*Asks:* 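Mind looking over this structure? Questions follow.
Numbers here are sequence positions counted from 1. Just so you know, these numbers come straight off a predicted model, no measurement behind them.
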Amino acid sequence: MFLSVFDLFKIGIGPSSSHTMGPMTAARRFLDEIAGDDWPRPVGAKVDRIAASLHGSLAYTGIGHGSDRAVVLGLAGQMPQTVDPDQADGICARIAADKRVSPPGHPSYRFDPATDLVLDRKTPLSGHANGMTFSAYDADDRLLLRRIYYSIGGGFVVSEEELQRMKAKGSVTTEAKRVPYPFKNAVEMLSMAAKSGLSIADMKRVNEETQMPREELDAGLDGIWSAMKSCIERGLSQDGIMPGGLKVRRRARQLHDKLQEQWQQNRPNPLLANDWLSIYAMAVNEENAAGGRVVTAPTNGAAGTLPAVLRYWLHFHPEADQPSIRDFLLTAAAIGGIIKTNASISGAEVGCQGEVGSASAMAAAGLCAVMGGTPEQVENAAEIALEHHLGMTCDPVGGLVQVPCIERNALGAVKAVTAASLAIKGDGVHFVPLDAAIETMRQTGLDMNEKYKETSLGGLAVNIVEC
């Protein structure tokens, strides 16, 4: 199965790829369906009112994750990659006051967020924990069209019919495309690398270049890193209380200033690399929690781990350059594609092992690759990082992507660097294959109680309140 690097690294707004970017994209898809001719409607019937309901994890943590706001923005015609985070609240306020949405290219529709957007915790949808229903009515409130969509992680959105087709093929992923190196697991990846003599990044590049010219690919990769770097820099420049009601204060800027002071004084700090990693990751995830622009890597909830490791590479390794940044991202995307194809990157499906665990594995692989690791060492690095996130629950306090999510990204980055360092000091031979760790994550996710899978019904989400 081929997943492009741009499938895994999407630019959008926080705080969640599944709960914010996904619902916004689904709302836009519904608008496109309304405008199309591919659905039967009575002669002369016109859509006058739109309604939506969120189910499962989207209903339980939708307010904290901004899912309700995302649906409103999507029905207003906004898209995750282009919406201005600074304008989002104003757009939603106008729609709430007018009780109408007027997306570009459409007539004005009746839509009152207070009554037409329901967080339905009682009616789960069978396809996935992140389910949404959109409905269109005529002026007499007769139902004209109803569609179900699922946000399956990392900003991916599929219709009910698309999800059924994917499950029938045995993999919840995008449609297969013909590429020269169509590895769907780590065993195939290593076999193809051995036969071709290419690195994982080189194979991924060849696959990508069947879809676009090299110049376009490199520009896209540079754009991904530019967005990641901008997010780090903005996160390091901001302070104050993050939204949502928990009154959690941003810490990245203050910690960064202290670390800069130590750096200038040339004071010894044996934890220096870990400190920088943590601050970079926290800066991204504080920005994500505030609804800023981030890059799914592979999700918003795990958006800080990989950029932190990449920034660490540039900070501490003098050999780092632009081509190595591209190789890092290509290698990470190859590993992320294998994980998504064979397990999940959705916290609502498998817990945070699928989000920060996947991000740490991707970052470890990317770092190992640019440090000169062989394909076997890269696979080992990814396995080490993923193995030591197995069983991690997703239990956001208050349904917000703040506690424990922000610090969890920092520790995921530290684990990624440690995993890469361990792997590159070995010969690539190791006991647990990456494919076994991925399958274990999938099975663990199936066994995990629903209250630990992004519903805020268990774990820290309830115990921190009781304390």
Side-chain angles (χ1 to χ4, degrees), residues 3-4 6-7 10-13 17-55 58 67-83 91-92 95 98-113 115-118 120 125-128 130-169 172-177 211:
L3 280 170
S4 171
F6 304 111
D7 289 326
K10 299 185 181 76
I11 299 173
I13 64 169
S17 49
S18 293
H19 291 63
T20 306
M21 292 170 61
M24 195 183 306
T25 302
R28 276 296 305 267
R29 280 194 62 174
F30 187 65
L31 288 177
D32 292 341
E33 292 210 45
I34 290 174
D37 297 320
D38 297 334
W39 57 282
R41 70 179 89 186
V43 177
K46 295 182 179 180
V47 176
D48 182 75
R49 181 172 73 90
I50 296 175
S53 58
L54 306 180
H55 303 261
L58 292 177
S67 303
D68 53 341
R69 186 179 79 150
V71 169
V72 174
L73 290 170
L75 292 177
Q78 301 291 330
M79 286 295 289
Q81 63 269 31
T82 56
V83 62
I91 294 171
C92 292
I95 291 172
D98 297 341
K99 297 180 174 54
R100 302 191 74 86
V101 289
S102 302
H106 289 254
S108 177
Y109 302 119
R110 284 188 294 138
F111 175 75
D112 182 357
T115 56
D116 291 323
L117 179 54
V118 177
D120 186 350
L125 300 180
S126 61
H128 189 278
N130 292 330
M132 297 161 276
T133 300
F134 289 83
S135 304
Y137 300 87
D138 66 12
D140 296 320
D141 275 338
R142 290 177 298 192
L143 179 66
L144 298 178
L145 178 67
R146 177 165 289 158
R147 289 285 186 263
I148 294 175
Y149 302 99
Y150 295 102
S151 182
I152 61 175
F156 289 88
V157 171
V158 294
S159 68
E160 188 172 36
E161 296 77 17
E162 289 167 344
L163 184 64
Q164 292 304 316
R165 288 198 298 270
M166 290 176 181
K167 288 185 174 181
K169 294 179 179 179
V172 181
T173 185
T174 54
E175 294 294 326
K177 298 176 182 178
Q211 315 297 315

*Asks:* Looking at E162 and V157, what are the two nearest heavy atoms and their distance?
*Replies:* OE1-O, 4.4 Å

*Asks:* Measuring from atom CG of L58 to atom NE2 of H128, what distance do you get when rounded to the nearest 0.5 angstrom?
*Replies:*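 It comes to 9.0 Å.
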
*Asks:* Step by step, would you call M24 with I13 a side chain to side chain contact (heavy atoms under 4.5 Å, CB included)?
*Replies:* CA-CA 10 Å; M24 195 183 306; I13 64 169; 3.9 Å; yes

*Asks:* Are any of the side-chain heavy atoms of M21 and F156 separated by less than 4.5 Å?
*Replies:* no

*Asks:* Does a side-chain N-to-carboxylate-O contact under 4.0 Å join R142 and D140?
*Replies:*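 Answer for the salt bridge query: yes.
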
*Asks:* Does a side-chain heavy-atom distance below 4.5 Å link P23 with D68?
*Replies:*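 They are not in side-chain contact.
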
*Asks:* Please report the C-alpha distance between Y149 and T25 in whole Å, then the side-chain angles of each, then the deciding distance to 0.1 Å, and finally whether the side chain to side chain contact (heavy atoms under 4.5 Å, CB included) criterion is met.
*Replies:* CA-CA 10 Å; Y149 302 99; T25 302; over 6 Å; no

*Asks:* Let me know which of D141, D112, D138 forms a side chain to side chain donor-acceptor pair (under 3.5 Å) with R49.
*Replies:* D141

*Asks:* Using a 3.5 Å distance criterion without hydrogens, assess whether the side chain of S151 forms a donor-acceptor pair with backbone atoms of S18.
*Replies:*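 Yes; judged by distance alone, with no hydrogens or angles, the pair exists.
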
*Asks:* Is there a side-chain contact between T20 and P80 in this structure, where contact means two heavy atoms from C-beta onward sitting under 4.5 Å apart?
*Replies:* no

*Asks:* Measure the spacing between CD of E160 and CD1 of I148 and express it to the nearest 0.5 Å.
*Replies:* 4.0 Å

*Asks:* Can R147 be said to sit on top of F30's aromatic six-ring, NZ or CZ under 6.0 Å from centre and within 45° of the ring axis?
*Replies:*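 Not satisfied by the 6.0 Å and 45° rule.
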
*Asks:* Would you name the heavy atoms of P103 and P107 that are closest together and state the gap between them?
*Replies:* CD-O, 4.1 Å

*Asks:* Any donor and acceptor pair, going by atom type alone, linking the side chain of D7 with main-chain N or O of S4 inside 3.5 Å?
*Replies:*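 A pair under 3.5 Å: yes.
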
*Asks:* Compare every heavy atom of S126 with every heavy atom of Y150, then report the nearest pair and how far apart it is.
*Replies:*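 That would be OH-N, 3.9 Å.
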
*Asks:* Would you give the length of the straight line joining atom CZ of R28 to atom CD of E33, rounded to the nearest 0.5 angstrom?
*Replies:* 13.0 Å

*Asks:* Please name the pair of heavy atoms, one in I50 and one in D116, separated by the smallest distance, quoted to 0.1 Å.
*Replies:*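 For I50 and D116, the tightest heavy-atom pair comes out as O-CB, 3.6 Å.
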
*Asks:* Search all heavy atoms of R41 against all heavy atoms of I34 and return the closest pair with its distance.
*Replies:*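 Scanning both residues, the minimum pair turns out to be NH2-O, 3.2 Å.
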
*Asks:* Carefully, step by step, assess L75 and L31 under the rule side chain to side chain contact (heavy atoms under 4.5 Å, CB included).
*Replies:* CA-CA 7 Å; L75 292 177; L31 288 177; 4.3 Å; yes

*Asks:* To the closest 0.5 Å, what do you measure between CG (L125) and OG (S53)?
*Replies:* 7.0 Å

*Asks:* I want to check something: taking the side chain as every heavy atom from C-beta on, are F111 and V72 in contact at a cut-off of under 4.5 Å?
*Replies:* yes

*Asks:* Quick one: does K10's side chain have a donor or acceptor within less than 3.5 Å of a partner on Q81's backbone?
*Replies:*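 Looks like no, no N/O pair under 3.5 Å.
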
*Asks:* Would you check, one step at a time, whether the test side chain to side chain contact (heavy atoms under 4.5 Å, CB included) holds for R29 with S159?
*Replies:* CA-CA 9 Å; R29 280 194 62 174; S159 68; 4.1 Å; yes

*Asks:* Determine the minimum heavy-atom distance between P104 and G77, stating which atoms define it.
*Replies:* CD-CA, 4.1 Å

*Asks:* Please round to the nearest 0.5 Å and tell me the distance separating atom CD1 of I95 and atom CZ of R69.
*Replies:* 11.5 Å

